[in-house]
Amino acid sequence: RDCLLSRGLGDVYKRQVMRRVATWLASLACVVALVSGCASWDSPQAGKLSDELSGASTVDPRARDGVVSVDKLDEVEPVTDNPKPALPVELTDADGNDVTVTDTSRILALDLYGTYTKTLRGLGLGPNIVGRTVSSTEDSLADVPVVTVGGHDINVEAVLNLKPTLVIVDHSIGPPEAIEQIRAAGVPTVIMNPTRSLETLGTDIENVAGVVGLPSEGATLAKRSVDQVEEARSVIAGLAPETPLRMAFLYARGTGGGFYILGKENSTEDLIGALGGEDVATESGIGAPSPASPEALAGLNPEVFVMMTKGLESTGSISGLLSRPGVAQTDAGQHSRVLVLPDGDSLAFGPQTGELLLRAAKALYVCLLYTSPSPRDKRQS
């Protein structure tokens with residue numbers, strides 16, 4: 001105990017140390033399950049991960065403290081290696097513009113979540129992507145130039161320098177004037193309006209596929225993605241506690257910047273509900289992002305916060321989060337319970353959603369052994 005307390009833990013954590021030690025000892029009982037039944041946790045395939053989680057040993061998340069994270073998802077497996085778009089495609093986009101798509105050889109697919117690049121990869125068009133936003137973090141796109149500045153603002157000059165034959169974009173990034181400049185330069189530009197929810201996941205994928213002339217491939221990718229979500233939900237139903245965890249999605253940017261509770265408009269209920277939890281924000285009537293004031297946090301009093309990776313980092317990691325007014329007074333704050341998800345994938349509801357749910361459920365519910373009592377350490381999923 002003295003050794004643990006001498007590791008530089010702040011006062012806010014010291015009272016948790018003995019509880020963590022007790023949790024560590026209880027977790028020893030799970031080692032056999034990990035060795036014998038869950039030997040390949042790093043499997044790249046969501047289907048194999050589903051098999052491994054089915055019937056896995058679990059632990060009550062209310063008996064554990066600390067941050068758990070899903071650091072990275074596998075890249076989407078293409079449904080074909082040789083796509084043959086049926087072009088031209090004539091359509092009217094979400095803003096009422098008539099667009100004719102005649103060439104998909106150089107595509108820019110731009111949105112806040114990076115969903116479009118993942119969908120295009122699933123359709124077999126990954127090699128055709130010539131530019132990206134900061135949210136498209138696939139390894140295969142590491143050398144593809146970023147055409148946004150400050151996260152969400154389109155750099156029109158950078159876009160035009162890439163000589164795209166098609167731009168797919170929505171109003172999650174902008175500004176609208178930048179999109180219009182690209183259109184005015186003669187680049188076929190399709191503005192999308194995805195719903196981004198579990199219910200419309202398949203439709204959103206098919207809509208992107210329709211733009212690039214691959215409706216059959218889109219139907220295949222949509223079905224596979226929806227089936228993976230349903231399988232994940234079935235597996236999670238056997239892992240989650242009978243009494244759902246009270247969870248709230250927090251959005252943070254910077255130590256003194258935006259700090260919001262997300263709700264219905266961001267489909268947080270879909271994500272949290274699929275994880276077997278209760279979205280206390282949506283249940284309390286929060287729709288649009290709402291300031292995470294001490295009063296609002298106290299009213300919700302979640303047992304677990306859900307956050308984006310860069311969001312938690314930007315607010316000063318767990319110590320910075322706990323210093324925010326009202327956070328440390330919640331059940332989640334008192335136990336430093338935060339589920340951290342990749343920024344672009346957390347609320348994207350794209351072709352990787354099934355895998356995201358499985359990895360998040362594994363982090364929350366599956367019996368894992370603590371490797372360190374430090375609240376700054378994260379148990380990798």
Side-chain angles (χ1 to χ4, degrees), residues 75-76 78 83-138 140-196 200 203-215 217-218 221-222 343-344 348-351:
E75 291 208 30
V76 180
K84 299 185 183 306
L87 301 174
V89 172
E90 297 182 353
L91 58 90
T92 301
D93 72 8
D95 279 8
N97 302 296
D98 293 328
V99 185
T100 300
V101 179
T102 60
D103 187 347
T104 59
S105 62
R106 297 182 63 80
I107 306 175
L108 279 169
L110 311 174
D111 69 318
L112 178 65
Y113 305 91
T115 312
Y116 299 144
T117 56
K118 297 173 179 66
T119 301
L120 290 175
R121 176 178 168 80
L123 296 170
L125 292 177
N128 299 42
I129 299 170
V130 296
R132 62 185 176 96
T133 71
V134 293
S135 298
S136 292
T137 57
E138 300 95 311
S140 62
L141 298 181
D143 295 328
V144 173
V146 173
V147 297
T148 52
V149 294
H152 315 312
D153 293 335
I154 299 172
N155 183 329
V156 176
E157 182 179 1
V159 168
L160 297 180
N161 284 342
L162 292 172
K163 302 186 182 336
T165 59
L166 172 64
V167 171
I168 300 173
V169 66
D170 62 40
H171 290 303
S172 64
I173 64 171
E177 295 79 13
I179 299 173
E180 287 308 309
Q181 287 180 48
I182 296 168
R183 186 192 304 282
V187 179
T189 303
V190 178
I191 299 175
M192 310 294 291
N193 185 30
T195 304
R196 287 198 174 89
T200 62
T203 299
D204 289 344
I205 290 172
E206 290 178 333
N207 286 342
V208 174
V211 170
V212 296
L214 294 171
E217 291 83 353
L221 179 61
D343 289 52
F349 299 105

For this session: Dump the intermediate steps for side-chain contact (heavy atoms from CB on, under 4.5 Å) on Val208 and Thr119, then the final yes or no.
Result: CA-CA 7 Å; Val208 174; Thr119 301; 4.0 Å; yes
Hey, are the side chains of [X] and [Y] touching, using non-hydrogen atoms and a 4.5 Å cut-off?
X      : Y      : result
Pro351 : Ile205 : yes
Asp111 : Arg196 : yes
Leu162 : Leu108 : yes
Pro88  : Val101 : no
Asp98  : Glu90  : no

Say you draw a straight line from [atom1] of [X] to [atom2] of [Y]; how long is it, rounded to the nearest 0.5 Å?
X      : Y      : atom1 : atom2 : value
Asp204 : Asn193 : CG    : CG    : 9.0 Å
Glu177 : Ile182 : CD    : CD1   : 12.0 Å
Leu110 : Met192 : CG    : CE    : 12.5 Å
Phe349 : Thr195 : CZ    : OG1   : 11.5 Å

For this session: Could you tell me whether a side-chain N or O of Asn128 sits under 3.5 Å from a main-chain N or O of Thr104, the two making a donor and an acceptor?
Result: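 Checking the backbone N and O of Thr104 against the side chain of Asn128, a donor-acceptor pair under 3.5 Å is found.
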Exercise. Distance only, no hydrogens: is a donor on one side chain within 3.5 Å (strictly under) of an acceptor on the other, for His171 and Asp95?
Worked result: yes
Exercise. Should Arg183 and Asp93 count as an ion pair when the cut-off is N to O under 4.0 Å?
Worked result: yes
Problem set entry | Salt-bridge present (Arg121, Glu75; N to O < 4.0 Å) | yes
Exercise. Ile129 and Leu125: side-chain contact (heavy atoms from CB on, under 4.5 Å), yes or no, with the steps?
Worked result: CA-CA 7 Å; Ile129 299 170; Leu125 292 177; 5.9 Å; no
For this session: Please assess Val99 against Thr92 for the test side-chain contact (heavy atoms from CB on, under 4.5 Å), listing each intermediate value before the final yes or no.
Result: CA-CA 6 Å; Val99 185; Thr92 301; over 6 Å; no
Problem set entry | Ser105: which of Thr165, Val130, Leu166 passes side-chain contact (heavy atoms from CB on, under 4.5 Å) |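 So the option named by the test is Thr165.
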For this session: Going by the side-chain contact (heavy atoms from CB on, under 4.5 Å) test, name the single residue among Val212, Leu214, Val211, Val76 that passes it with Leu120.
Result: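 By the side-chain contact (heavy atoms from CB on, under 4.5 Å) criterion, Leu120 pairs with just one of Val212, Leu214, Val211, Val76: Val212.
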What are the two closest non-hydrogen atoms of [X] and [Y], and how far apart are they?
X      : Y      : answer
Arg106 : Lys163 : NE-O, 3.3 Å
Tyr116 : Asp170 : OH-OD2, 2.5 Å
Ala209 : Gly218 : CB-CA, 3.4 Å
Leu91  : Val89  : CD2-CG1, 3.8 Å

Exercise. Within 45° of the axis and under 6.0 Å from the centre of the six-membered ring of Tyr113, does NZ or CZ of Arg132 qualify?
Worked result: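 That pair does not qualify as a cation-pi contact.
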Which pairs would a plain distance check flag for residues 142-160, meaning a side-chain donor or acceptor within less than 3.5 Å of a matching protein atom at least two apart in sequence or in another chain?
from	atom 1	to	atom 2	distance (Å)
Asn155	OD1	Glu157	N	3.2
Asn155	OD1	Ala158	N	3.0

Exercise. Taking Thr117 as the fixed residue, which of Ser135, Ser136, Ser140 is the one that meets the side-chain hydrogen bond (donor to acceptor under 3.5 Å, both in side chains) rule?
Worked result: Ser136
